[in-house]
Amino acid sequence: KTLWAKVTPLSARDLIAAQAAQSETIARLKINYRTDIETTMRVVHKGRIYAITSPALDDPESGNEYCTFTLSGGLEKFP
């Protein structure tokens, strides 16, 4: 699937907290609300492959405008 999305690297503070919790999370993915995205899927953004590491976190206001996922980085590059 091709979707419009915003991939935001974690801030230094969030990255340190994630490492302290032994999490591999390195970025957040924000997309328009969908129910068909699962943690078994991968994200390709600017040639890099990311794994989705959390279920969808709905927006705090209406719960159905957008959703946010956490991503872990991969070493592979998409050709």
Side-chain angles (χ1 to χ4, degrees):
K1 300 174 187 179
T2 301
L3 305 173
W4 287 95
K6 179 179 182 181
V7 174
T8 308
L10 292 183
S11 67
R13 172 192 275 170
D14 290 340
L15 191 56
I16 290 169
Q19 289 173 343
Q22 297 182 352
S23 171
E24 296 178 5
T25 299
I26 62 167
R28 289 187 185 94
L29 169 74
K30 185 176 179 180
I31 61 173
N32 287 333
Y33 182 79
R34 297 180 67 101
T35 58
D36 59 344
I37 305 297
E38 301 175 359
T39 57
T40 57
M41 297 176 173
R42 302 291 176 251
V43 174
V44 178
H45 181 261
K46 294 186 177 180
R48 295 203 57 142
I49 300 172
Y50 298 92
I52 299 173
T53 58
S54 74
L57 305 169
D58 297 333
D59 68 284
E61 295 167 13
S62 67
N64 62 1
E65 284 185 45
Y66 64 87
C67 46
T68 304
F69 298 89
T70 57
L71 304 175
S72 65
L75 300 175
E76 303 172 25
K77 291 237 178 191
F78 192 75

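As the structure is a prediction and not an experimental result, all values here were calculated from the model.
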> Rounded to the nearest 0.5 Å, how far apart are CZ of Arg42 and CZ of Arg48?
Replying inline: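 Rounded to the nearest 0.5 Å, the CZ-CZ separation comes to 14.5 Å.
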Are [Y] and [X] linked, directly or through intermediate hydrophobic residues, by side-chain heavy-atom contacts shorter than 4.5 Å (ILVMFWY only)?
X	Y	result
Leu57	Tyr66	no
Val43	Ile37	yes
Leu3	Val7	yes

Minimum heavy-atom separation for [X] and [Y], please, with both atom names.
X	Y	result
Ser72	Ile26	C-CG1, 4.1 Å
Leu71	Thr53	N-OG1, 3.8 Å
Tyr33	Cys67	CA-SG, 4.1 Å

>> Please enumerate all residues that pass salt bridge (Lys or Arg N to Asp or Glu O under 4.0 Å) together with Arg34, with sequence neighbours excluded.
In response: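 Arg34: salt bridge (Lys or Arg N to Asp or Glu O under 4.0 Å) contacts with Asp36.
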> Sequence neighbours excluded, which residues qualify as side chain to side chain donor-acceptor pair (under 3.5 Å) partners of Thr68?
Replying inline: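 In terms of side chain to side chain donor-acceptor pair (under 3.5 Å), with neighbours along the sequence ignored, Thr68 is linked to no residue.
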